[in-house]
Amino acid sequence: ASVKFNHGFGKETDAVARGAAMMRISHDGRFLAIASAAGEPAKHLFLFDISKLNGGGMTATDGLVADLPIKDDEVLTAVGWSLDNQFLHVLTNAKSGKRTTLHRFILTGEKNGLKQMGRGAFLEETGLDFAIAPTETNAYVLVASEKGSRLTTVDMELVKAAGDTPEKALLSPGAVDIDGSGLSLALSPNGQRIAIVSNEDGASVLRILDAQTGAIMSTPKLPLGVI
């Protein structure tokens, strides 16, 4: 089965080219979320029922999320599911200025509808990628910095709180500076390790961090060009 889209998924400098989480399957394998940084966000977030997708005949229009409550001045950057598969988290960036916002939505059960659950939270930073802890207590957000990139945490209670306007979050006191331009991150299934890929002088470098302490762990040196 295949689906044809009538648009691209972003430029070479956009999230998809960096390997950020623009496509994620829910943990139970039922749903596929796909986001595109091209065009307006409300037109480029897709949710597919994988069983129907495998059956063939689905179009991009069938998967398009209608009435997505994200402002037109925001660009989709990454998506991620909660461990219980009920919530889809979406990271956006402002089209102008430094502001990255973490949104939380619940599946309505009606086609591929989403409903906002929580006010969300924003950082006055440029977001690169993110992951949600299995306990859904923290979000790990990779942001750009003057020296390269930085890993910070966001308290999910801010994101889940009732309201219509995202709450401002600050960089965590234990934010970890990462050499090179951050590309993407991934969290281990047990939530104990974070893998971050960054670009250093044109080469991709992998780092593994302890999620609790932020300490960079010793890893075997990979040959240039493996990542």
Side-chain angles (χ1 to χ4, degrees), residues 9-24 33-38 41 74-81 89-103 120-133 138-156 159 166 168-189 191-227:
F9 282 82
K11 307 183 294 296
E12 292 181 356
T13 55
D14 287 333
V16 66
R18 292 188 282 100
M22 299 294 283
M23 181 170 67
R24 284 290 182 263
I34 302 177
S36 170
E74 295 180 70
V75 176
L76 299 180
T77 299
V79 295
W81 295 93
H89 302 89
V90 179
L91 187 71
T92 65
N93 275 293
K95 286 185 177 179
S96 59
K98 293 197 303 182
R99 179 181 169 119
T100 188
T101 304
L102 182 58
H103 305 269
F122 73 92
L123 292 160
E124 292 182 340
E125 308 287 341
T126 299
L128 302 172
D129 204 354
F130 81 107
I132 302 294
N138 290 308
Y140 301 96
V141 184
L142 185 65
V143 299
S145 69
E146 293 182 359
K147 296 182 179 180
S149 49
R150 182 174 292 152
L151 178 68
T152 187
T153 58
V154 173
D155 187 344
M156 285 299 294
V159 180
K168 182 178 179 179
L170 301 175
L171 288 174
S172 55
V176 180
D177 288 318
I178 305 296
D179 291 337
S181 177
L183 300 176
S184 60
L185 71 79
L187 183 67
S188 64
Q192 295 182 4
R193 302 287 184 266
I194 302 171
I196 295 178
V197 177
S198 61
N199 183 314
E200 294 185 25
D201 299 323
S204 296
V205 177
L206 173 67
R207 288 183 174 81
I208 307 296
L209 285 73
D210 184 303
Q212 295 298 318
T213 66
I216 298 177
M217 306 178 68
S218 176
T219 56
K221 187 175 182 178
L222 298 176
L224 188 66
V226 169
I227 303 174

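Note that the structure is predicted; figures quoted are calculated from it, not measured.
Closest heavy-atom contact between Gly191 and Ala211: O-CB, 3.3 Å. Considering every non-hydrogen atom in both Pro166 and Ala121, the closest pair reads CB-N, 4.1 Å. Contact between Arg207 and Ser198 at its shortest, heavy atoms only, is NH1-OG, 3.3 Å. Scanning all heavy atoms of the two residues, the minimum distance from Ser149 to Ser181 falls at OG-C, 4.2 Å. Scanning all heavy atoms of the two residues, the minimum distance from Leu76 to Met22 falls at O-CE, 4.0 Å. The minimum heavy-atom distance between Ala139 and Ile132, with the atom names listed, is CB-CD1, 3.7 Å.
When atom types are taken as modelled, the side chain of Thr100 and the backbone of Glu125 share no donor-acceptor pair closer than 3.5 angstrom. Judged purely by atom type and a 3.5 angstrom limit, Ser188 uses its side chain to pair as donor or acceptor with the backbone of Arg193. In this structure, Ser172 contributes its side chain and Thr152 its backbone to no donor-acceptor pair below 3.5 Å. Looking at Asn93, its side chain does come within 3.5 Å of a backbone N or O of Gly127 through a donor-acceptor pair.
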**Report entry** Intermediate values then yes/no, salt bridge (charged side-chain N to carboxylate O under 4.0 Å, His left out), Glu74 and Arg99
**Finding:** CA-CA 9 Å; Glu74 295 180 70; Arg99 179 181 169 119; over 6 Å; no
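Between the NZ atom of Lys147 and the CG atom of Asp177 there is a distance of 6.5 Å, given to the nearest 0.5 Å. If you take OG1 on Thr126 and CZ on Arg150, they are separated by 12.0 Å, rounding to the nearest 0.5 Å. Rounding to the nearest 0.5 Å gives a distance of 6.0 Å between CZ of Phe122 and NZ of Lys168. In this structure, CD1 in Ile178 is found 9.5 Å from CD in Glu200, a value given to the nearest 0.5 Å. The OH atom of Tyr140 lies 10.5 Å from the CG atom of Leu185; values are rounded to the nearest 0.5 Å. Atoms CD1 and CD1, from Ile216 and Ile194 in turn, are 11.0 Å apart once rounded to the nearest 0.5 Å.
In this structure the side chain of Lys98 never reaches within 4.5 angstrom of the side chain of Val143, judged on heavy atoms.
Between Ser184 and the options Ile196, Asp129, Leu142, a side chain to side chain contact (heavy atoms under 4.5 Å, CB included) holds for only Asp129.
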